[in-house]
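Within every chain, numbering begins at 1; the chains are lettered A, B, ... in the order of the sequence lines, protein sequences first and strands thereafter.
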Amino acid sequence: AQTVTQSQPEMSVQEAETVTLSCTYDTSESDYYLFWYKQPPSRQMILVIRQEAYKQQNATENRFSVNFQKAAKSFSLKISDSQLGDAAMYFCAYDQFYFGTGTSLTVIP
Amino acid sequence: DGGITQSPKYLFRKEGQNVTLSCEQNLNHDAMYWYRQDPGQGLRLIYYSQIVNDFQKGDIAEGYSVSREKKESFPLTVTSAQKNPTAFYLCASRHRGVLTEAFFGQGTRLTVV
């Protein structure tokens, strides 16, 4: 079975700075889909960014970008110009079936 | 407004009773999912359904049951066979297609006493 590992239970970043959240996964598939979701204190899950493994180019959505290393099975999320509203739990997901344990991000004013 | 609705937000039940959690969507999505979220464990897939009248078990289906009689609805029953039912439950839906965005409900917090 596929597994998703987030090795950073907690991270903090100064407002306006950049932070990178790590995610690794294990799979024997050659084509698959990866997602980052955000869960603020309201517990409403929100899609942040998605990546198709078949595509070499790293996905970007405004201040959010990924560093996708297929050979290393790594899918990190970079948040640039961090804002107070970015404070949340962040989950890495392999398709819709396997989620990591999450990283709690604190943004320091 | 289109969206996905879970009800109720909080639910209390006595041990040994079955309980059904509601999940309704008006987004015309084909696929629907149920997850359980426990502290420190992320989301774990319970059941999913890609089309009406069909569903598959996820990693932790034991003690749970579902039905998909209508495209809009995917209720989850937590049976008395579930050993540790107290948890936060999330429902999601999306169009068929692997890269489509999933929309989540606001969750149901189930407490069994």
(request) Give, for atom CG of A:Asp95 and atom CG of B:Leu45, the distance between the pair rounded to the nearest 0.5 Å. (result)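 With rounding to 0.5 Å, CG (A:Asp95) is 10.0 Å from CG (B:Leu45).
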(message) Rounded at 0.5 Å granularity, tell me how far OG1 in A:Thr101 sits from CD in B:Gln37.
(response)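 Reported to 0.5 Å precision, the distance equals 11.0 Å.
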Kindly work out whether a path of hydrophobic side-chain contacts (I/L/V/M/F/W/Y, heavy atoms less than 4.5 Å apart) joins [X] to [Y].
| X | Y | result |
| --- | --- | --- |
| B:Phe55 | B:Val52 | no |
| B:Leu43 | B:Tyr47 | no |
| A:Phe99 | B:Ile46 | no |
| B:Val19 | B:Leu90 | no |
| A:Leu84 | A:Met11 | yes |

Does atom [atom1] of [X] have more than 12 heavy-atom neighbours, drawn from other residues, nucleotides or ligands, at distances under 6.0 Å?
| X | atom1 | value |
| --- | --- | --- |
| A:Gln83 | CD | yes |
| B:Gln106 | CD | no |
| B:Asp54 | CG | yes |

(message) Any non-hydrogen side-chain atom of B:Asp59 less than 4.5 Å from a side-chain atom of A:Tyr98?
(response)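 In contact.
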(message) So which residue, B:Gly107, B:Ala92, B:Ala102, ends up with the most heavy-atom pairs under 4.5 Å with chain A?
(response)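 The candidate making the most pairs under 4.5 Å is B:Ala102.
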(request) May I ask you to name which of B:Tyr33, B:Phe103, B:Phe88 has the most heavy-atom pairs under 4.5 Å with chain A? (result) B:Phe88
(request) Return yes if some donor-acceptor pair links the side-chain N/O of A:Gln44 with the main-chain N/O of B:Phe104 below 3.5 Å, else return no. (result) yes
(message) Counting only non-hydrogen atoms closer than 4.5 Å, does B:Tyr35 touch chain A with its backbone (N, CA, C, O), its side chain (CB onward), both, or neither?
(response)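 Only the side chain of B:Tyr35 comes within 4.5 Å of chain A.
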(message) Which atoms of B:Gln41 are under 4.5 Å from chain A, going by heavy atoms: the side chain, the backbone, both sets, or neither?
(response) backbone
(request) Find the one option among A:Met45, A:Arg43, A:Gln39 whose heavy-atom pairs under 4.5 Å with chain B are most numerous. (result)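 Greatest number of close heavy-atom pairs with chain B: A:Arg43.
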(message) At a 4.5 Å cut-off on heavy atoms, which part of A:Tyr37 comes close to chain B: side chain, backbone, both, or neither?
(response) side chain
(message) To check you understand the geometry: which heavy-atom pair defines the closest contact between B:Gly42 and A:Phe91, and what is its length?
(response)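 Answer, listing the atom of B:Gly42 first, then A:Phe91: CA-CE2, 3.6 Å.
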(request) Using the six-membered ring wherever Trp is involved, compare the ring planes of A:Phe97 and B:Tyr48 and label them parallel, tilted or perpendicular (cut-offs 30° and 60°). (result) tilted
